[in-house]
Amino acid sequence: MNQHEHIENDEKYTGLTVNSGVKQQPVVNPYLKPRKRRPLPTSGELVEGILKGDITTLSRAVTLVESLSAEHQTIAQEVIEKCLPYSGNSKRIGITGVPGAGKSTSIDVFGLHVLKEGGKLAVLAIDPSSERTKGSILGDKTRMERLAVHPSAFIRPSPSAGSLGGVARKTRETIVLCEAAGYNNIFVETVGVGQSETAVHSMVDFFLLIQLAGTGDELQGIKRGIMEMADGIVINKADGDNVDRARLAQAQFRSALHLFPPTQSGWFPEVLCYSGYYGIGIEEVWDMIDRYFDFVKENGYFDRKRQEQARYWMFETIDEKLRRNFYTNPEVKQMLEEKEVRVLNNQQSSFTAARDVLDYYFNLLNKS
Ligand code: GDP
């Protein structure tokens with residue numbers, strides 16, 4: 001057959017008609033029913049389950065906390081409000097370190113160590129760069145094999161990508177729910193390379209920085225600011241041939257810390273070596289953390305810091321909500337686009353453009 005004779009080469013051929021004669025098969029499976037959506041639980045049901053320590057209800061509530069839907073948020077906020085009186089009774093510990101520092105290996109052993117004394121542990125994470133679909137890199141159950149199957153552990157990956165403030169606030173709200181569910185140990189994990197540490201610092205009592213020996217600070221990508229936030233620096237992988245190097249790094253970190261301004265808590269950060277993989281020095285790390293809690297509870301810093309954090313999150317939430325309200329307003333959005341063009345073309349200064357848009361926005365608010 002000549003290739004031009006082919007039906008698809010005819011000018012009239014659209015490609016859409018070729019199967020027009022084929023009838024759609026009717027649905028033959030009588031058991032196939034449209035999937036029903038689970039009805040949303042009420043805040044009362046959720047709170048009841050959470051207070052009983054029911055892990056499925058807790059997960060469901062956390063999902064609502066993380067959801068962007070207004071309906072979900074309304075329920076979530078009610079649940080948080082009702083859980084607040086039952087929260088606060090935990091040790092909140094932030095754990096950070098660059099990828100490869102051994103965070104998941106360490107959290108697995110630290111977690112098992114903590115759970116030896118009984119109680120419960122929630123492992124949460126803040127990783128604004130992660131998206132669920134791509135596989136969250138933090139707080140993933142597969143990374144903490146033993147904890148993942150421990151009945152007293154609750155592991156939750158980072159809320160999916162969004163603004164850092166938003167992601168962090170959801171984690172902070174999740175802490176409240178976990179505590180109400182009886183989790184008296186909370187670990188919050190971050191990658192020690194960016195801004196998220198400041199957010200974690202603002203929601204934990206103790207900030208643990210995992211470092212490695214044999215690489216300079218710069219190589220580890222750890223910013224000086226993160227070191228300054230640390231209440232404890234632990235050098236991981238102090239095993240095998242690496243022990244001497246770890247000890248050397250320990251001495252270097254100790255002397256570096258002497259150059260930092262004194263901490264607000266009055267606690268002098270300690271530097272320890274350990275091996276997460278071989279389980280060496282875990283007890284010493286935990287003794288340090290226990291000593292810290294005794295110290296700050298004694299001198300009143302513990303309560304003061306928690307109060308400061310509560311205030312910080314109130315203002316953070318206000319900031320976030322105001323900003324979202326402003327930037328998602330369709331009229332503001334359009335005006336911003338126009339103003340942006342004017343500013344870029346030097347037709348208007350940045351400041352007057354900003355003032356115009358804000359004035360317009362405030363007017364809209366007054367009218368509503
Ligand atoms: P993360 O990216 O910070 O969570 O680090 P991982 O826990 O995934 O560890 C990164 C790599 O370091 C893995 O191959 C671990 O087996 C290894 N590792 C973790 N802790 C230790 C340790 O204490 N000693 C040694 N030698 N290797 C370790």
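Atoms within a ligand are numbered from 1 in the order they appear, just like the ligands themselves.
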- request: State, with a plain yes or no, whether a side-chain heavy atom of Lys305 is found less than 4.5 Å away from one of Gln264.
  value: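 No, their side chains stay 4.5 Å or more apart.
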field: Close side-chain approach of Asn299 and Trp267, heavy atoms under 4.5 Å
entry: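 The answer is no; the side chains never approach within 4.5 Å.
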Could you pull out, from [options], the option with a heavy atom nearest to [atom]?
atom	options	value
atom 25 (C) of ligand 1	Ile107, Asp239, Thr96, Asp108	Asp239
atom 20 (N) of ligand 1	Ile95, Asn236, Leu212, Asn242	Asn236
atom 1 (P) of ligand 1	Glu189, Lys103, Lys237	Lys103

At a 4.0 Å threshold, what atoms of ligand 1 neighbour a non-hydrogen atom of [X]?
X	answer
Gly276	23 (O)
Pro99	2 (O)
Ser275	22 (C), 23 (O), 24 (N)
Arg143	4 (O)

- prompt: Would you call the rings of Tyr292 and Phe206 parallel, tilted or perpendicular if under 30° counts as parallel and over 60° as perpendicular?
  reply: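 It falls in the perpendicular class, over 60°.
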message: Once you measure the plane-to-plane angle for Phe207 and His201, does it fall in the parallel (<30°), tilted (30-60°) or perpendicular (>60°) bin?
response: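 Perpendicular: the ring planes of Phe207 and His201 meet at over 60°.
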message: Under 4.0 Å, counting heavy atoms only: does Val98 come that close to any atom of ligand 1?
response: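 Yes, that is the case, since the closest heavy atom of the residue is under 4.0 Å from the ligand.
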- request: Please confirm whether Gly97 comes under 4.0 Å of ligand 1, counting heavy atoms of the residue only.
  value: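 Judged by the 4.0 Å heavy-atom criterion, Gly97 does not count as contacting ligand 1.
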task: Give a yes or no on this: more than 12 heavy atoms of other residues, nucleotides or ligands lie within 6.0 Å of atom CD of Glu81.
output: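 Counting neighbours around CD of Glu81, 12 or fewer heavy atoms of other residues, nucleotides or ligands fall under 6.0 Å, so no.
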Over all atoms of both residues, closest heavy-atom pair of Leu177 and Cys83: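 Heavy atoms only, the tightest pair is CD2-SG, 3.9 Å.
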query: Does Lys339 reach the main-chain N or O of Ala353 with its side chain, forming a donor-acceptor pair under 3.5 Å?
result: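 Flag not set: sc Lys339 to bb Ala353 has no pair under 3.5 Å.
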message: Just to be sure I read this right, does ligand 1 sit under 4.0 Å from the backbone of Thr105, its side chain, both, or neither, counting only heavy atoms?
response: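 Both backbone and side chain.
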